[in-house]
Structure formats: structure tokens, C-alpha cells
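So the structure is just underneath, and the comments pick up after that.
Bear in mind the structure is a predicted one, so any value in this text is a computation, not a measurement. Both counts, for ligands and for their atoms, begin at 1 and track the order of listing.
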Amino acid sequence: MGSAIAALIANSSCQVVLLDIASNNPNDRNSVVKKAIENIPKQRPPSLSHPSKLAFIKIGNLKDDLQLITECDLIIEVIIEQIDIKYKLYNKIIPYLQNDAILASNTSTLPLKQLKENIPDSIKSRFVITHFFNPPRYMELLELITDQAVVPMVVDKITNFLTINLGKTIVKSNDTPGFIANRIGCYLLELVVRTAIKANLNPVIIDKIFTDLLKFPNTGIFGLYDLIGHDVMKLISTSLVNSLPMNDQYKKIYILTPILDKMIAKNLIGRKGVGGFYRISAINKVKTKEVINFQDFSYTAIEDPKVEYNSINELLDSGSIYGQFFKSILVEFYLYLTSLIPEVTDNIYDIDKAMRLGYSWKQGPFELLYNIKDGFEWLKKEATIKNLPLPKYVANNNYKTIDSSKFQVSRINLRESEVLLKNNSAQVLLYQDRLVFSISTKMNCLNEEVFTLLLEAVDLAEQREQDLYIVPLTDNFSAGADLKLVAHYIKTNDFTKLDRLLELGQQAMMRLKYSHINIISCAVGFALGGGCEILLHSDFIVAHQELNAGLVEVSRGLVPAFGGIKEMFYRAQGNKDRLIKNIINILTANKTSSADYFILDYGISSAQINMNKQMIFLEASQLTFPKKVVKVDKKITLPQISLSEELDISQYNELQILLLAQLQDIIALQEIDEQEILERERKIFLELAQNPKKDLAF
Ligand SMILES: CCCCCCCCCCCCC[C@H](O)CC(=O)SCCNC(=O)CCNC(=O)[C@H](O)C(C)(C)COP(=O)(O)OP(=O)(O)OC[C@H]1O[C@@H](n2cnc3c(N)ncnc32)[C@H](O)[C@@H]1OP(=O)(O)O
């Protein structure tokens with residue numbers, strides 16, 4: 001994980017030093033760290049936002065290069081979870097720490113108290129635990145563990161670095177084993193897996209219920225166990241069980257399960273092994289997902305199971321085997337969860353946040369309990385039937401003070417904004433003194449109403465002489481044109497509406513580009529198709545590093561038609577190489593995987609990258625923009641290139657070849673202005689849209 005954390009820091013464009021053990025090879029003492037560096041670009045999912053970020057990582061070994069530590073403000077120890085080995089390392093590095101440098105351990109199992117036992121007092125005040133989640137580039141959660149000895153200035157400094165520079169959301173946890181997320185997450189994993197194996201239940205059905213009814217990530221519980229690795233789960237749980245108090249329920253559910261031990265012995269440890277609860281095989285050359293049979297460890301192909309219940313309440317009331325199973329594990333789980341308050345944390349919203357951001361649950365456990373009819377009353381009743389003692393939090397009715405509006409807090413608190421304009425798909429807000437346009441459709445998809453209000457928003461911004469910020473209030477900037485709506489129009493032959501959408505889209509993009517106020521787009525999540533076209537027509541983009549943006553239309557059997565083709569020509573400004581690159585973006589439906597890639601692949605010149613998606617708008621609103629110099633639509637010269645010679649067309653499909661021919665026709669014009677390309681773009685779109693092989697449906 002050390003190299004993945006180094007990569008995350010490099011992604012933020014901060015300098016980072018990666019020190020690993022010195023190799024025995026006298027000719028190359030850095031061979032171990034070099035191997036780690038070589039592996040960074042191979043990590044999946046990718047740890048680096050762009051290969052160029054490797055330049056931010058300096059390497060060394062823990063024998064010859066300790067002086068590099070003197071250059072560092074923060075030293076994160078990411079080594080094996082053995083206290084003696086950690087002590088040895090601390091003794092080595094402490095003499096090289098700057099007076100105000102912070103020392104942090106990324107331990108997931110050892111308490112801060114124990115880590116500090118042999119540390120000089122002068123270091124105790126700046127020694128904390130920073131618990132990253134794997135993979136660190138993608139998981140937003142960071143558990144921060146401090147104690148009385150740590151001075152507030154240190155807490156502020158590290159909090160700023162982790163949130164602003166690295167984009168993490170910090171949840172403070174007490175210094176208890178497993179902290180918050182793993183204590184709860186691993187308990188649930190062990191509880192479900194061990195109870196289900198004992199009852200010989202089917203992992204596929206259990207996982208399906210977790211994903212469909214409880215909205216867990218697609219891996220479910222057994223899939224996650226495989227992903228973490230049965231060997232690693234054993235290490236984590238053993239360590240937890242050894243450090244938890246005698247009467248902790250984790251010890252009781254961590255029962256002997258010979259099947260799990262046999263699986264480890266057979267290297268059936270999950271994705272890293274020869275299989276796990278699941279495995280992917282090639283059956284008749286078809287990739288097939290299989291599930292294990294616990295009796296003989298053979299595998300059977302999975303047929304997509306149907307869950308016959310519409311809600312968790314229906315399942316729990318059903319009295320079926322799986323209904324009873326879920327009733328029993330949910331009662332056990334919630335009694336355990338509530339027994340952790342206030343020992344692990346007294347903030348239940350932090351518990352929910354930790355499970356959402358560290359385990360990717362759609363809802364945290366407390367919010368989830370709201371989905372169960374009379375959740376806490378149900379829990380009390382079931383616990384009483386089973387004669388189980390109620391934790392204080394439940395027995396004292398403390399849960400009655402839960403404020404459900406605090407579970408998922410949106411990026412901008414709408415209650416603080418004045419709504420200036422609004423329709424069913426978008427709104428214009430006055431947030432403090434900033435004009436904000438935000439879309440409110442599913443995935444912020446674009447329809448006539450969005451464009452109509454966007455046009456009105458630009459009018460309003462111009463009247464008020466104020467810049468306009470385009471800000472998503474949810475996790476995505478925009479997934480582009482509403483393809484469900486487009487498919488519906490096509491099905492009902494409503495070509496007037498289709499034409500109107502196309503016209504409005506193009507008009508809105510040109511209005512953004514040629515208005516005399518600045519248009520600032522705050523780009524997070526997906527900005528695809530029309531979403532990307534809005535970015536291309538904005539004056540400035542503040543982008544989250546984890547942005548996925550691109551003109552992906554060709555992958556849907558369409559072509560960009562809200563000015564995307566036009567911008568790719570226009571932005572090349574006569575430069576041959578840039579034009580070829582831009583055409584490849586369209587042809588290959590280049591969906592970039594980070595803001596770094598988007599800026600380079602799409603030739604974006606006015607953008608700033610931010611690591612923290614919660615802070616994108618804050619950052620945008622703090623920037624000052626010069627008065628916009630409205631561009632003049634001049635003719636651009638088109639470099640005379642032959643696309644069939646410049647590109648390897650053998651790899652392209654029918655639509656791509658047809659599109660290439662149309663783009664070549666534009667190039668043949670030699671000189672063109674923006675309006676002319678836009679008209680061409682519309683013509684190309686309509687011509688190619690007749691191609692019947694289209695799959696707009698989801
Ligand atoms: C003779 C014919 C003439 C035709 C003339 C037509 C003229 C019409 C004018 C249109 C001009 C368009 C021009 C523009 O340049 C083109 C575009 O913008 S095309 C759209 C490009 N965008 C995409 O292809 C993105 C599609 N979406 C995705 O790939 C994925 O959804 C995602 C964004 C990667 C997210 O993936 P996930 O996180 O897994 O989420 P889901 O896929 O489950 O999505 C959640 C939810 O949202 C719905 N949804 C997503 N994108 C769209 C969309 N573009 N339109 C409609 N709905 C969308 C998705 O279906 C899910 O819905 P649910 O299942 O929850 O109901």
C-alpha cells in the first residue's frame with residue numbers, strides 16, 4: 001500500500017519520497033524500491049492519475065537515504081503490522097525528523113497507545129494514525145486517530161493536508177481496535193460468511209439480497225471477502241480478536257469454520273488464489289462466473305438468481321429460509337453496531353460516513369435501519385424474542401434523537417441558497433453572491449428543459465454582470481444527452497422534439513462560449529457526451545482529479561452533436577498533430593480516467609485540478625477571473641491531411657469509417673469558421689443517426 005499512497009500524493013502534484021528496505025544487492029541497494037516503482041503503473045485499478053506523475057516520486061532505501069526524511073513535513077509509515085518491526089523503524093527515522101514534521105502510521109490494527117509506548121515525548125505530540133483505505137486513490141475515507149498528547153496545530157496541519165491536498169474525507173475515531181470501518185465491516189463479513197456456511201446457504205442469493213435490497217456494492221459480502229483475500233481476512237480478524245476485550249461479540253461470531261480453513265489450505269483464498277467463493281472460468285471459451293460448492297469445493301456456473309422480494313421488509317416478513325437468515329444476522333449486526341457507541345465513536349453520522357466512504361455502501365448502517373419498518377423498534381422486539389441484552393444506546397432510546405437529514409449532506413446546502421429560476425430539470429441559485437446553474441435530472445442528463453434554463457441563466461448572468469458557475473449538486477457533472485428520452489422520441493417518431501433538442505443543445509453551447517460573462521464549470525464524476533461538450537464550451541474548469549470526461553458518443557452509435565466535433569476542429573487551430581489527436585478522441589470515444597488525462601488528451605488550457613470533490617465549488621468561487629474577452633469567430637485553416645493515411649483504419653467499425661469520411665470532407669474545405677463546422681456537425685449527426693445499429697437503451 002506504501003507505493004499506492006505515494007502515487008496518491010504524486011497525483012496531487014506534491015513531492016513525495018518513497019523509502020523501502022535496502023536490497024542485499026551491493027550493486028543496487030534501491031532494487032526493492034525500484035521494483036515497487038515499476039509496479040505502480042501496473043496496479044489495477046490504476047494508482048496514478050497520469051504516468052507523468054511518477055516524476056513527483058523520489059526513491060531511496062532505509063539504510064543509505066534516511067537523510068531524505070529531513071526534507072519531509074509528513075512521514076507515513078506503511079510497513080508490516082508487527083510492533084517490534086515498527087519500533088525498529090521509528091528508532092531509525094526519528095533522528096532525521098524535522099522539528100515540526102508529523103509522524104503517522106498507516107496501521108489498520110495496532111492501537112496508537114501501543115505504537116507510542118517507546119517513542120520519545122517530543123515525538124508523541126506529533127504522532128498520529130492515518131488509516132487509508134484500499135485502493136487509496138479511490139477510497140475517500142481516511143480514519144484519523146489522535147490522542148491527548150497530539151497538539152491541535154498538528155491535527156489542523158494534517159487535516160488540511162489530507163483533505164485539501166489528498167482529497168480525503170476524515171472521520172475521527174477513538175483509539176480502539178479496527179477503528180470504525182473495519183471493526184464494523186469485518187464483523188459483518190465474518191458474521192454473514194460463517195453463519196451462511198454453517199447453515200449451508202447459497203452465497204449467490206445472499207449477495208444478491210445484499211446488493212438488490214440493501215444496496216450494497218456489487219461485490220456483495222462473499223465477493224468482498226474474495227476481493228480482500230481469505231488469508232488477509234484471517235490476519236485482520238485474528239488481530240482484532242486478539243486485541244478486543246474478552247466479552248466482545250466479535251470473538252463469539254469468529255467461530256471455528258473448518259470449511260474456510262480448508263479453502264485457505266487449497267489456496268482458494270479469493271481473487272489472488274485459484275478461486276474463492278466465486279471464480280471466473282472460461283467455459284466453452286465464454287467467461288463464466290462460478291460459485292463454490294462447500295461439500296466438495298467444486299464450482300458451478302451461476303445463473304442470475306431472482307430475488308422475489310421487493311424490499312427488505314418483505315423479505316424479513318416472509319418467514320423463508322433467507323428471510324430468517326437475514327433477520328438473525330441483521331439483529332446480531334445491529335446489536336453489535338450499537339454496542340460500539342460511545343466506545344468507538346459517539347457520532348453515529350461518522351459511523352454512517354465511514355461505511356459509505358470506506359466500504360462503498362450506498363447508505364450507512366443507521367440510515368439503512370430507516371429502511372426497515374420501525375427499524376429500532378423492530379430491533380428491540382427481535383432482541384427481546386431472542387433474549388439478547390440491549391446495548392445502552394438502544395435501551396436508553398438514544399436513537400430517538402437521530403436527525404435523518406444529517407446522513408447524506410449534499411455538496412451545497414440548498415437551504416442557504418435563493419432559487420432565482422427553476423424548472424423540472426434545472427435551477428439557477430444565488431449561493432452567497434455567486435450565480436449557480438445546477439441540473440436536477442438523473443445523472444444530470446441533458447434535455448430541452450436543461451438547455452432552456454441554461455440559456456435563461458446566461459441571460460440573467462449577463463444582466464447582473466456576474467459570472468455563471470455550472471455546479472453539480474450530486475456526484476456527477478453530466479452523463480450527456482438523455483438517451484432514454486432520445487430513444488423514446490425515436491420510438492414515437494417525434495422528430496420535431498429531436499430536432500428541437502439538437503438545436504437547443506447547439507444554441508446553448510454557443511451561448512456559453514460567446515456570452516460576455518465567464519462560465520466556470522465545476523467538474524466531478526462523469527462529464528460524458530453533452531456533459532463534456534459543456535466543459536469544452538466553458539471559459540474555465542475546476543476539475544476533480546477523479547473526473548471521467550470525454551466525447552463518448554461513438555460508443556453509443558452516435559456522434560457528438562452539441563458542438564463537440566466543432567470544438568475538436570476549432571481547438572486544433574490549424575495544428576496538424578492536435579487535429580489528429582482530437583479526431584482520435586471522437587473516433588475512439590475517448591473517456592478519460594482523470595482530470596490530468598482530460599486536460600492533455602482534449603487540449604484544455606483553462607483548468608485547475610482539485611483533489612477534493614467536496615471543495616470544487618469552494619475553490620472555484622475563490623478564484624478571480626479577468627473580464628472575459630469575447631472571442632471572435634474567425635476562419636481557421638485546416639491542415640491538409642489524409643485521415644486514412646494518418647490513422648490505422650483497419651481497427652475501426654462501420655460507423656467510425658463513415659464518420660472518418662465525413663470529417664475528411666470538412667478537412668477538404670481548407671478553411672472554415674465555427675458556424676460552418678457546427679452546421680456540418682448537425683448534418684453528420686442526422687445522417688449517421690439513421691444507422692439502425694444503435695443501442696441507446698440502458
Ligand atoms: C433517425 C434518428 C434521428 C435521431 C436524432 C436524435 C437527435 C437527438 C439529439 C441528441 C444529440 C446528442 C448530442 C450529444 O453530443 C450526444 C450525447 O450526449 S450522447 C450521451 C453520451 N453519454 C453516454 O453515453 C453516457 C451513458 N451512460 C453511461 O455510460 C453510464 O450510465 C455512466 C455515466 C458511465 C454511469 O454508470 P453507472 O455508475 O454504472 O450508472 P448507471 O449506468 O447504472 O446509470 C445510473 C442511471 O442513470 C441512467 N443514465 C445514465 N446515463 C444516461 C443517459 N445519458 N441518458 C439517460 N439515462 C442515463 C441509467 O440508465 C441509470 O438509470 P436507472 O437504471 O437507475 O433508471
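Each of M611, H50, R137 was compared with Q545 under the side chain to side chain contact (heavy atoms under 4.5 Å, CB included) criterion, and only M611 meets it.
Side-chain contact, D648 with S650: a donor N or O sits under 3.5 Å from an acceptor N or O. Of the N and O atoms on the side chains of S49 and S594, not one donor lies less than 3.5 Å from an acceptor on the other residue.
Between R279 and D226, none of the side-chain N atoms (NZ, or NE/NH1/NH2) sits under 4.0 Å from a carboxylate O, so this pair counts as no salt bridge. Using a 4.0 Å cut-off between charged nitrogen and carboxylate oxygen, D499 and R682 count as a salt-bridge pair.
Within the listing of ligand 1, atoms 14 (C), 15 (O), 16 (C), 17 (C), 18 (O), 19 (S) sit less than 4.0 angstrom from a heavy atom of E553. Remark: ligand 1 atoms within the under-4.0 Å shell around heavy atoms of G529 are 18 (O), 21 (C). Close approach of ligand 1 to P560 is summarised as follows: ligand atoms under 4.0 Å from at least one heavy atom of the residue are 15 (O). Residue G530 approaches ligand 1 through these ligand atoms, each under 4.0 Å from one of its heavy atoms: 17 (C), 18 (O). Residue contact check: F495 has heavy atoms under 4.0 Å from atoms 1 (C) of ligand 1. Of all atoms in ligand 1, listed by their number and element, those nearer than 4.0 Å to a heavy atom of R556 are 24 (O), 26 (C), 29 (O).
Aromatic ring orientation, F222 versus F277: perpendicular (interplanar angle above 60°, classes split at 30° and 60°). By the 30° and 60° cut-offs, the orientation of the rings of W361 relative to Y359 is perpendicular.
Contacts between M443 and ligand 1, counted as non-hydrogen atom pairs separated by less than 4.0 Å, involve the side chain only. Neither the backbone nor the side chain of Y489 comes within 4.0 Å of ligand 1, counting heavy atoms alone. Counting heavy atoms under 4.0 Å from ligand 1, residue V552 touches it through the side chain alone. Residue-level proximity to ligand 1 for F526 is carried by the side chain, the only part with a heavy atom below 4.0 angstrom.
Between L446 and G531, the closest heavy-atom pair is CD1-N, 3.9 Å.
Close N/O approach between A481 and ligand 1 is found [any backbone or side-chain N/O within under 3.5 Å]. Between G480 and ligand 1, a contact under 3.5 Å exists for no N or O pair. Below 3.5 Å of separation, one finds an N or O of L483 facing an N or O of ligand 1. Between L502 and ligand 1, no N or O atom pair is found at a separation short of 3.5 Å.
Of all the listed residues (R682, K442, E503), K442 holds the heavy atom that lies closest to atom 66 (O) of ligand 1. Among E533, Q506, K484, the residue whose heavy atom sits closest to atom 62 (O) of ligand 1 is K484.
With ring centers used as reference points, F437 lies 6.0 Å or more from Y469. In summary, the aromatic rings of Y322 and Y309 are positioned with their centroids too far apart to meet the 6.0 Å limit.
Taking 4.0 Å as the cut-off, G505 does not count as a neighbour of ligand 1 on heavy-atom distance. At least one heavy atom of C445 sits less than 4.0 Å from an atom of ligand 1.
For the pair L316/L330, a side-chain contact is recorded, criterion being any heavy-atom separation below 4.5 Å from C-beta on.
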